[in-house]
> 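One structure is given below, represented as structure tokens, and several questions about it will come after.
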Amino acid sequence: VGSVLSSYGWYMLLAAVAVYLLVQKVSRSLAARPGGRPGAAEAAEEPDVVVRRQEALAAARLRMQEELNAQAEKYKEKQRQLEEERRRQKIAMWESMQEGKSYKGNLKLNQQEVESGASSASAVPKSKPNKKPLRGGGYNPLSGEGGGTCSWRPGRRGPSAGG
């Protein structure tokens, strides 16, 4: 017995500590689990509380569904109005073509009328900012001038060196 303890004593001590820690961890996880204590979860929740919670959940779902239906109706109405406007524009283009007028000019006038109506409804007029070109007018990527520090040069012609 003495020779076994002297040669394997430290290993047996470390194994005992590991088993002790493992047992502690398993017991804590079983205690923390709701099903670990039978009857505790059922006693905590009363039936009328559960019923009230389910009714509130159903009412919230119904409210959300009604809001979604209202949004869908608004979207459908807007789509109908857009389709009606497109139909009117097509009819106006057809009539102008029958009369021999340019339908594109008529379309532009209709769009300007719609934009002027929309801009009169809004108090702030929108102005377009002055746009600058991204590169100067003399930029040509093929000439090699006016570019940055990067330049590409083709490789040497001739037979490949690997053969």
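Keep in mind the model is a prediction, meaning the values are calculated, not measured.
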> Can you tell me which residue among R87, Q81, Q89, E83 is in a side chain to side chain contact (heavy atoms under 4.5 Å, CB included) with E85?
Q89
> Same hydrophobic cluster for Y20 and V17, using side-chain heavy-atom links shorter than 4.5 Å among ILVMFWY?
yes
> Taking NZ, NE, NH1 and NH2 as the nitrogens, is one of them in R80 or E77 under 4.0 Å from a carboxylate oxygen of the other?
yes
> Answer whether the closest heavy-atom distance between the side chains of Q54 and L57 falls below 4.5 Å.
no
> Could you verify whether a donor N or O on one side chain and an acceptor N or O on the other, from Y75 and Q71, lie under 3.5 Å apart?
no
> Supply the atom-to-atom distance R28 CZ to R33 CZ, rounded to the nearest 0.5 angstrom.
16.0 Å
> Say whether Q65 and N69, considering side chains only, have a donor N or O and an acceptor N or O under 3.5 Å apart.
yes
> Hey, could you give me the OG/CD1 distance between S96 and I91, rounded to the nearest 0.5 Å?
12.0 Å
> Output the distance between atom CE (M12) and atom CG (L14), rounded to the nearest 0.5 Å.
11.0 Å
